[in-house]
Amino acid sequence: MKTYIVKRLLLMVPTLIGMTFLTYAIVRLAPGDPIEAMIRNQSGNIDPKAMRESADRIRDRLGLNDVNFWGPDVEPHLKALSSGNPAIRARAAADLERLTGLDINQSREAWEAWWNLRTKAAAEAAPLIEQAASPDAAGRAEAEIALEGLLGKEAGEQAGAPPGPWDARLKRLQDLLREAEPLIWQLRSPEEADRAKAAEDLARLTGLDFAEDPVAWRAWWDINRYTFTRDHLIDPLEKVINVFYGYGRWTVHLFEGNFGESIVYRMPKDSPAVGYLSRIQNWMWGMDVPAVEKALADLESPQGKTRTEALADLEGLTKQHLGPDADAWKSWWTQYGQTKPFAGSWKGLDELRANGSKNPFWIILDRIPVTFTLNVIAEILVFAVAIPAGLAAARYRGKWFDVGSSYVLLGLWSIPVVLAGSLVLTFLVVGGKGLWWFPVGGLHGENYQTFGWWPYLKDLLLHATLPVACLVYGGFAYLAKLGRASLLENLRADYVRTARAKGLSERRVVYHHAFRNSLLPMITVTILSLPGLLGGSVVVETIFSIQGTGILFVGAAQAYDLSVIMSGVLLYGSLTLLFLLVGDVMYAWADPRVRYE
Amino acid sequence: MNSAAGATTGPALAARPRSYGSIVWGQLRKRRAAMVSLAVVLALALAAIVAPLIVGDVPIRWVEAGCASWPLFHYLSNAEYSAMAAFILGVTLPLTSRLLRPWADRRGKSAMVRALGLGFALWAAVTAALFLVRTPEQRYGFFLERRAQAESAWFPLIATSRNPGYEELAHRNQAPSWQHPLGTDRLGADVVLRILYGARTAMTIGFVAVGIGSAIGITLGSMSGYFGRRIDLVLMRLAEIFMFIPTLILIIIILTVMPSSLPPLWAVVGVIGVTGWTGSYRLMRAELLRIRGEDYLIAARALGIPTWRLLLRHAIPNGLAPILVGATFGIAGAIFLEVTVAFLGIVNTPSWGELLNDGRQNPAAFWVWGAAGTAIFVTVFVYNVLGEAIRDAIDPRLKI
């Protein structure tokens with residue numbers, strides 16, 4: 001036995017090495033470039049045409065389609081197109097294509113025609129665009145028609161929308177950054193007074209409160225500069241587009257430069273850091289803040305507009321669908337719709353930095369208690385229901401209970417968790433469309449730290465009921481089948497026949513002789529299911545927003561965070577191998593017939 | 001399935017020895033649930049294959065200006081025709097086998113194996129011919145819009161746009177009606193259409209992924225079980241390694257990283273196939289360990305039959321039945337995995353998971369999530385029932 005255990009332990013080493021190596025190899029050798037994928041994912045668009053369209057939309061929104069914006073860069077390239085050197089021509093054409101997102105190749109005439117058209121069109125269009133935003137409906141329609149003729153149909157449609165506050169904002173921000181840069185350098189000054197003065201000036205300029213921390217200010221400055229300033233917009237233009245389209249993760253990507261690693265999925269959902277990021281996102285997304293606030297006011301106490309109109313306005317402006325409840329809108333707005341850029345709390349940044357550089361082992365360990373609690377409750381319930389059901393099915397083989405339970409459990413097994421979870425989440429939780437029975441979101445209510453033990457337990461149970469139910473129902477079938485097969489096998493064994501021949505009651509034969517032996521295979525199943533308890537259930541955790549390991553690993557996979565993924569794989573693999581061995585040893589201990597040589 | 005006890009020749013023998021496959025099939029035939037499940041599986045496959053005939057906007061027959069044409073048959077892709085051929089050949093397999101029986105019996109061969117070979121050859125020929133000769137029509141006809149101009153038009157049962165565009169947005173989220181028997185989704189697409197095209201995805205993932213997995217599992221498992229010793233040790237470690245690779249995480253990573261030029265469906269299929277062979281490997285290995293000591297195999301070895309032939313003709317065919325059970329459950333599992341991946345919002349192929357996810361966003365439109373949920377439930381349930389039935393059918397201890 002001892003040699004067997006040592007042999008198995010030694011075999012574990014190459015298996016673990018092979019497993020981690022293989023996972024890593026598959027992940028790294030998968031076709032495609034992770035960074036490129038990250039950009040693409042954020043954009044949400046896949047084909048180049050859609051990409052270009054969205055680029056155009058964003059340029060319009062930012063006022064970047066104004067030809068003057070390209071002026072100084074485009075003109076030298078146009079000149080270079082007529083150079084005698086083919087290499088220079090090619091380079092200039094490539095630059096132009098990159099700058100404009102157009103594909104006109106190396107034809108100088110075509111580029112010049114395009115350029116003239118744009119310049120001319122812009123000059124003619126400027127008053128029309130202004131007219132298109134005027135309150136006069138007839139004038140607006142006229143301007144739109146004229147614009148359509150001038151710039152094409154889409155431009156006419158877009159001009160109908162009120163001009164965004166972007167031009168002014170962009171300019172203001174650029175000025176702000178220019179002013180802030182020397183001050184941030186000054187924060188590193190050896191003089192105490194200089195530092196204090198710089199911090200004070202910065203706070204006054206920006207309305208932010210990052211104290212004297214140069215790293216925080218630098219992060220703020222970098223994010224702004226890389227996302228909004230012109231030189232960065234031009235090289236490469238696509239990058240900025242991605243910042244705006246895939247605001248979320250690209251912002252995070254920028255954070256990575258300052259904080260070390262990708263972080264956001266490592267945050268608890270209600271962390272201030274995440275709220276902070278959302279605020280950045282909303283601001284970048286370019287919501288028309290005064291308009292939203294006006295619509296909010298209209299929603300509460302209609303002035304001139306009806307509630308329906310105000311609601312439509314709000315939904316159009318914010319792209320959120322929160323229903324007609326004014327309070328819901330207000331709380332959403334106070335949480336995410338800050339008017340001032342980056343007015344997030346310093347605490348959020350701090351937390352981002354702390355979590356970003358954490359050892360993945362501790363991150364996984366942090367999540368394990370939640371997942372473990374949930375899965376242990378689920379597992380106990382599964383065993384408590386499935387084993388009696390399986391044994392009863394074997395005892396009354398072929399009777400209605402056997403057939404009925406088999407189909408019912410198979411049916412339960414076949415219901416997708418996504419469907420079940422969504423249904424209970426829609427019809428059984430507070431704030432849903434049906435019965436308001438259970439609270440939702442995470443495993444605890446608000447302020448649960450202040451509860452006594454009984455309210456705490458009640459709160460936990462109420463929160464855990466639905467997730468546990470969703471974890472449990474699919475697991476009955478397998479165990480019940482196993483229990484049934486195991487008891488059936490034992491009922492056919494010789495020793496049972498002997499017991500019957502001795503004249504023992506059927507009850508005693510089944511429960512005293514066969515039943516106990518048929519529990520033996522359960523040892524292996526139970527022990528093998530233990531590592532799985534830590535792996536978590538991705539779908540249930542996602543649906544009920546429980547911050548367990550499942551959600552962590554999926555987030556890590558989506559953020560391509562190899563450190564967390566590989567730690568998870570290694571942890572899970574080594575635990576499984578270890579428990580496999582424990583299961584085998586315990587099986588041999590429980591059943592003396594089993595021998596390992 | 002190959003005859004287990006070696007071939008017996010001569011039409012004079014009234015009672016032919018039954019092959020293992022036919023014994024299992026006979027057991028299966030007795031179970032009504034299994035037969036119903038099999039019928040549902042076949043019906044589902046048929047519906048997925050002939051989806052354009054059931055729902056779509058390309059008419060089967062179109063008469064305009066006194067000129068009749070059959071547009072649908074020009075639009076169907078080569079792959080669709082090939083799948084139809086596979087389905088027809090597969091369903092007629094028992095008939096072919098019966099037709100071939102006298103001929104096969106005369107030569108002492110298994111009729112089913114010959115029928116399988118013939119069917120496969122026919123299908124390969126048809127597919128090759130299709131891809132070599134035929135170019136399907138690519139242009140889109142706008143038949144629905146020009147309906148009034150036609151003198152006669154035979155549309156599919158549910159005439160609805162295949163690529164819902166701007167016009168369909170007007171009647172989105174519609175409850176079931178005669179025009180849309182299962183209603184429309186949030187983009188105005190017909191739900192039947194999405195269910196049927198989603199069935200194609202489910203079938204592809206189920207059959208192809210499990211097929212790849214089973215093929216790898218059978219190959220390695222038979223080697224491991226038959227040769228034993230060092231090969232077994234190494235392959236067993238390999239299986240252990242693959243057993244612990246987290247499939248879902250791997251799919252997510254690969255889908256996130258993969259360039260958009262590759263179809264995401266095949267990444268899912270590939271990952272499930274490549275990592276999902278350990279189950280069939282263990283079953284096949286156990287079977288071969290048993291078969292290795294059987295009399296017929298010792299006899300065959302004594303006759304000097306080469307090892308590859310021994311494995312291919314005698315050992316492997318007799319160990320296939322448990323694989324079938326694993327594969328049936330595997331198809332159900334693969335469909336579930338796709339639902340999970342779609343739920344996490346990573347793939348964008350037309351699939352049931354995607355439809356279910358769409359439906360989640362708008363619970364009031366119960367026909368959307370109801371239809372998707374029912375489709376997934378029925379399919380997975382039917383495969384599970386079938387798997388259970390096959391397991392019971394091959395379990396010799398139940399044949400009391």
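Chain letters run A, B, ... following the sequence lines, proteins first and then strands; every chain starts at 1.
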Can you tell which part of [X] gets under 4.5 Å to a heavy atom of chain A, answering side chain, backbone, both or neither?
X        : answer
B:Leu238 : neither
B:Phe366 : neither
B:Phe336 : side chain
B:Tyr383 : neither
B:Ile249 : both

Mind checking whether [X] and [Y] have side chains closer than 4.5 Å, heavy atoms only?
X        : Y        : answer
B:Val385 : A:Tyr407 : yes
A:Val554 : B:Ile252 : yes
A:Met19  : B:Glu240 : no
B:Trp369 : A:Leu423 : yes

- [ ] From the options B:Val382, B:Val380, B:Ile376, select the one residue that forms a side-chain contact (heavy atoms from CB on, under 4.5 Å) with A:Ser414.
- [x]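 Answer to the side-chain contact (heavy atoms from CB on, under 4.5 Å) test with A:Ser414 among B:Val382, B:Val380, B:Ile376: B:Val380.
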
Task: Closest heavy-atom pair and its distance - A:Trp413, B:Asn384 - done: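 Result for this residue pair: CE3-ND2, 3.7 Å.
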
- [ ] Could you tell me the separation between the OG1 atom of B:Thr374 and the CD1 atom of A:Ile415, rounded to the nearest 0.5 Å?
- [x] 10.5 Å

TODO: Could you tell me the separation between the CZ atom of A:Phe553 and the CG atom of B:Leu248, rounded to the nearest 0.5 Å?
DONE: 12.0 Å

Open item on the list: For B:Arg200, is the CZ atom crowded, meaning more than 12 foreign heavy atoms sit under 6.0 Å from it?
Closed with: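 Atom CZ in B:Arg200 is packed in, count exceeds 12.
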
Task: Neighbour count >12 (heavy atoms, 6.0 Å) for atom CZ, B:Phe207 - done: yes

Contact class of [X] relative to chain B, heavy atoms under 4.5 angstrom:
X        : result
A:Leu16  : neither
A:Val569 : side chain
A:Leu580 : side chain

- [ ] Name the option with the most non-hydrogen atom pairs under 4.5 Å to chain B; the candidates are A:Thr23, A:Thr20, A:Val539.
- [x]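 Option with the greatest count: A:Val539.
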
Open item on the list: I need the residue from A:Gly573, A:Pro14, A:Gly411, A:Ser406 with the largest number of non-hydrogen atom pairs under 4.5 Å to chain B.
Closed with: A:Gly411

